[in-house]
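Letters go in sequence order (proteins before strands), and every chain restarts at 1.
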Protein chains: 2
Amino acid sequence: MEKKSVETQENILIAARTIFAQKGLAGARMQEIADCAGINKALLHYYYRNKEKLFEQVFDEALKKMLRPIVAFLADNSDLFQKIRNICRHYHEVLVEYPFLPNFVINEINSDPTRILKLFDVEGFLEGREKTIIQINEAVKSGIIRPIDPRELILNIISLSIFPFAGRPVIKEILYKNENIYEILKERADRVSDFIIQSIKI
Amino acid sequence: MEKKSVETQENILIAARTIFAQKGLAGARMQEIADCAGINKALLHYYYRNKEKLFEQVFDEALKKMLRPIVAFLADNSDLFQKIRNICRHYHEVLVEYPFLPNFVINEINSDPTRILKLFDVEGFLEGREKTIIQINEAVKSGIIRPIDPRELILNIISLSIFPFAGRPVIKEILYKNENIYEILKERADRVSDFIIQSIKI
DNA sequence: TTTTATTTTAACCAAATGGTTAAAAAATGA
DNA sequence: TCATTTTTTAACCATTTGGTTAAAATAAAA
C-alpha cells in the first residue's frame, strides 16, 4: 500500500496550491486545505508537519515556475528577436495554466522579503544575464535596434508578459467585461512580442 | 480639544495604510496598527469600530488612487501621443509615492472578488472609454499609428506603467541589485511613453 | 488471514487575536 | 479652576486556529 498515500499527498499539494494562491499564507486555513483535498485535518498534519512547511514547498514551486521563463530567456542562444518571441510565448503558456502565480509570488515576497533570498539559487542566471546584456548592446551598436538600456528592455518584456495576468480581475472588469479573458490573454503572446520588436527595431 | 483627536485619527489611518499594504487584511494585526500609530488597542477601537471598517476605508482610498490615472487618461482631450505621455507620468508620480498600491489592490480583490464591484462607482468611465477607443481607431484609420486593438494598447500602457512597481522587490533583485530602484523607476516615465509611441507610430 | 499502512473520529490544548469594559489619568478649553 | 474630551491601563472574553493525541476503522499487501 503506497499508491493511495502518494495520491493523497498529491491531493494535499493541489489543494494547498489553490488555497495559498487565493488567500496567501496568512489567509489560508489548514482546515480549508484539508476540506479542499477531501481529507481531514489530522491526516493533513500527518503528511505535512505544519503550515509553514507546506507553504514553503508550494511557494518554492511557484517561484521556480515564475523564474524559469526569464532564466530560459537569458540562456537562449537565438537571435534577439527570436528570444523575445520565445519568452513571451513561454510566459503566456505558464500563466494561462497558473494565472495566480504572479500575485502569489510577489505578494508573499512582499510580506516577507527574506524569501527573496531563494532567487540566488538559480544557476546560470548571472552568466545568462551578462550574455544577454552584451547581446542587446551589440544589437544597438550594429544598428539592428534603437538605443535602449538592456535592463529596461528586459523589464518591459516581463511587464507586458506578466501584468495582464497579475491584474486580470481588474483588467477584465475595465476592458474585457463579459468576455473570456483567458482566451484573449492566450492569443496575446505573439502580439506582445510584435509590440516590443516594433518598438525597438530600426 | 479636537486637534489632538483629528491628529490621532490621521495617525491611525497612516498606520493602517502601511500595515494593510504590507500584510493585507488577513495578515494585519490590530495591535500592530496601534503600535505603528503610537497608541494602544483600546483607543484604536475607540475611533474605528472594527478591523473591517478600518480596512474598507483604506482599501477604498487605494482603489481610487489606482484608478484615477486610467480615468483621467480616458477623459483626457489631448491627442493620443500626449495622452499616453500623461498617463505614464501620472502613474509614475503616484506609484513612486505609494509603491505598495498595485499589489495591495490586486491582492485584496483576489482574495475577495466581490470588492471589484466598487469599480462601478467611477463616473465618466464608460463614456471616456468609448471616446478613447474611437480616438485610437481613428488614429489607425488616418495612418497615424499602426493597426492595433485599442484595448490592447491600453492594456500595454497600464502593464508597462504598473508592473515595475508591483514586481519591484523581484525586479530589483534580478536587474537592479544594489541600486536605488525608486530613482530608476521615477525617471522611467518618459522612456515608457517613448517605448509605446515608438511601437505604434508609423 | 494476518500484518501493516492509511484514514477517520473526536476530543482536546495553547496561543493568538479581535474586541470590550470600566476606571483612572492626562490633556485641553472655557 | 472646572468640565469635557482624549488617552492609558489592564484585566477580561469569545472565537479562531494551528497543532496534538489516541483509539478505532478501513483498506491493502503478504
Side-chain angles (χ1 to χ4, degrees), chain A residues 1-62 104 107-108 110-112 114-115, chain B residues 1-62 104 107-108 110-112 114-115:
Chain A
M1 191 172 185
E2 200 176 291
K3 222 188 262 177
K4 219 39 197 309
S5 162
V6 172
E7 200 184 312
T8 299
Q9 291 181 59
E10 186 50 36
N11 284 340
I12 292 176
L13 279 181
I14 292 170
R17 279 180 209 124
T18 309
I19 306 295
F20 280 135
Q22 263 173 48
K23 317 232 171 152
L25 171 59
R29 300 285 155 244
M30 292 300 268
Q31 185 60 62
E32 202 180 353
I33 293 174
D35 291 348
C36 180
I39 57 166
N40 53 51
K41 212 173 56 162
L43 193 59
L44 175 56
H45 279 100
Y46 173 76
Y47 283 116
Y48 294 89
R49 200 194 305 260
N50 58 44
K51 197 184 177 184
E52 270 65 35
K53 295 266 176 222
L54 182 55
F55 175 81
E56 215 171 296
Q57 189 163 335
V58 170
F59 178 77
D60 287 359
E61 271 181 22
F104 176 55
N107 220 51
E108 296 303 331
N110 220 320
S111 81
D112 178 5
T114 67
R115 277 199 262 275
Chain B
M1 189 168 188
E2 203 176 288
K3 222 188 261 174
K4 221 38 203 301
S5 162
V6 172
E7 200 186 311
T8 299
Q9 290 178 60
E10 185 51 36
N11 283 340
I12 292 176
L13 279 180
I14 292 170
R17 280 181 208 122
T18 309
I19 306 295
F20 280 135
Q22 264 173 47
K23 318 234 172 151
L25 172 59
R29 300 285 157 241
M30 291 300 268
Q31 186 60 60
E32 202 179 355
I33 293 174
D35 292 349
C36 180
I39 56 166
N40 53 51
K41 212 174 55 164
L43 193 60
L44 175 56
H45 280 99
Y46 172 76
Y47 283 116
Y48 293 88
R49 200 195 306 260
N50 58 45
K51 196 183 177 184
E52 269 67 35
K53 295 267 175 219
L54 182 55
F55 174 82
E56 217 171 294
Q57 190 164 334
V58 169
F59 178 77
D60 287 0
E61 273 180 20
F104 176 55
N107 219 50
E108 295 303 330
N110 220 321
S111 82
D112 178 4
T114 68
R115 278 200 261 271

Sugar-phosphate only, base, or nothing, as touched by B/Y48 at under 4.0 Å among non-hydrogen atoms: nothing
Between C1' of D/dT6 and CG of B/N40, the distance in whole Å: 11 Å
CG on A/L13 to OG1 on A/T18, rounded to 0.5 Å: 10.5 Å
Distance in angstrom units between B/Q9 CD and D/dT5 P, rounded: 14 Å
Integer-rounded Å distance: D/dG18 C1' and A/K53 NZ: 15 Å
B/Y46 OH to B/I39 CD1 distance, which is reported to the nearest 0.5 Å: 11.5 Å
Would you list the atom pairs, donor with acceptor, under 3.5 Å between side chains in residues 52-60 of chain A and any protein atom, with sequence neighbours excluded?
{"residue": "A/D60", "atom": "OD1", "partner": "A/K118", "partner atom": "NZ", "Å": "2.9"}

Residue pairs involving residues 18-27 of chain B (criterion salt bridge (charged side-chain N to carboxylate O under 4.0 Å, His left out); sequence neighbours excluded): B/K23-B/E32
Distance below 4.0 Å between A/Y46 side-chain N/O and C/dT7 OP1 or OP2: no
Rounded interatomic separation in angstrom, taking CG from B/L43 and C1' from C/dA25: 14 Å
Atom-to-atom span, CD of A/E7 to C1' of D/dA28 - whole angstrom: 14 Å
Gap between atom CG of B/N110 and atom CZ of B/R115 - 0.5 Å precision: 10.5 Å
Smallest separation among heavy atoms of B/K41 and B/A34, with atom names: N-CB, 3.9 Å
Whole angstrom value for the distance that separates P of D/dG18 from CZ of A/F55: 14 Å
Length of the line joining A/Y47:OH and C/dA5:P, which is rounded to integer Å: 11 Å
D/dT6 phosphate, OP1 or OP2, under 4.0 Å from B/T8 side-chain N/O: no
Write down the protein N/O and nucleotide N/O pairs, taken from nucleotides 16-20 of chain C, whose separation is under 3.5 Å; answer none if there are no such pairs.
{"residue": "C/dT17", "atom": "OP1", "partner": "B/R29", "partner atom": "NE", "Å": "2.6"}
{"residue": "C/dG18", "atom": "OP1", "partner": "B/A28", "partner atom": "O", "Å": "3.3"}
{"residue": "C/dG18", "atom": "OP1", "partner": "B/R29", "partner atom": "NH1", "Å": "3.2"}
{"residue": "C/dG18", "atom": "OP1", "partner": "B/K51", "partner atom": "NZ", "Å": "3.2"}
{"residue": "C/dG18", "atom": "OP2", "partner": "B/M30", "partner atom": "N", "Å": "3.2"}
{"residue": "C/dG19", "atom": "OP2", "partner": "B/K51", "partner atom": "N", "Å": "2.8"}
{"residue": "C/dG19", "atom": "N7", "partner": "B/K41", "partner atom": "NZ", "Å": "2.9"}
{"residue": "C/dG19", "atom": "O6", "partner": "B/K41", "partner atom": "NZ", "Å": "2.8"}

